[in-house]
Amino acid sequence: MASQVYLSASIWFDSQDWEGMAAYMLAESEEERAHGLGFVDFANKRNFPIELQAIPAPVSCNEWKSPEDVWQTILELEQSNTQSLLNVAEAANECHDFAILAFLN
């Protein structure tokens, strides 16, 4: 989902002729996708079952009126992602699954 939000942000910045920021957001989108693929690779190596599910569409570019609006969405996304990762780390710690903790680090 994070990759999609960054891609949406890249599209918005490109439509506003902010080429540098659009390129930055596109690179962030690619980085987030790589992180997701890292989770898939880790799960496959540990023989965890994987079932892809639908993800909600990112914020519509029409909802953003300023760069600040875009960055607010990005901030909220990063805060949510960080909390999710902390929750996974806490569960792994409680289960004494140190391989997951090492992976997350």
Partners meeting salt bridge (charged side-chain N to carboxylate O under 4.0 Å, His left out) with Asp14 (sequence neighbours left out): none
Under the ring-ring contact (aromatic ring centres under 6.0 Å, His included) definition, can you give me all pairs with a residue in residues 38-60, not counting sequence neighbours? Phe39-Phe103, Phe42-Phe103
Using side chain to side chain donor-acceptor pair (under 3.5 Å) as the criterion, list what pairs up with Asn93, not counting sequence neighbours. none
Within the distance-only criterion (no hydrogens, no angle test), does the side chain of Ser15 pair as donor or acceptor with the backbone N or O of Trp12 below 3.5 angstrom? yes
Listed by chain and number, what are the side chain to side chain donor-acceptor pair (under 3.5 Å) partners of Asn87, not counting sequence neighbours? Gln83
Among pairs that include at least one residue of residues 80-89, which meet salt bridge (charged side-chain N to carboxylate O under 4.0 Å, His left out), considering only residues two or more places apart or in two chains? none
Output every pair passing salt bridge (charged side-chain N to carboxylate O under 4.0 Å, His left out) with a member in residues 74-83, not counting sequence neighbours, ordered by first then second residue. none
I'd like to check the side chain to side chain donor-acceptor pair (under 3.5 Å) partners of Arg46; sequence neighbours left out, ordered by chain and number. Asp97
Of all residues at least two apart in sequence or in a different chain, which pass the salt bridge (charged side-chain N to carboxylate O under 4.0 Å, His left out) check with Lys65? none
With sequence neighbours excluded, residues passing side chain to side chain donor-acceptor pair (under 3.5 Å) with Glu68: Ser66
By side chain to side chain contact (heavy atoms under 4.5 Å, CB included), which residues pair with Glu30, not counting sequence neighbours? Leu26
Could you work out, with side chain to side chain contact (heavy atoms under 4.5 Å, CB included) as the rule, every residue matching Ala23, not counting sequence neighbours? none
Listing, residues 57-64 side-chain donor-acceptor contacts under 3.5 Å, not counting sequence neighbours, or none:
from: Ser60; atom 1: OG; to: Asn62; atom 2: N; distance (Å): 3.2
from: Trp64; atom 1: NE1; to: Thr73; atom 2: OG1; distance (Å): 2.9

Candidate list Met1, Arg33, Glu32, test side chain to side chain contact (heavy atoms under 4.5 Å, CB included), partner Tyr6, passing option: Glu32
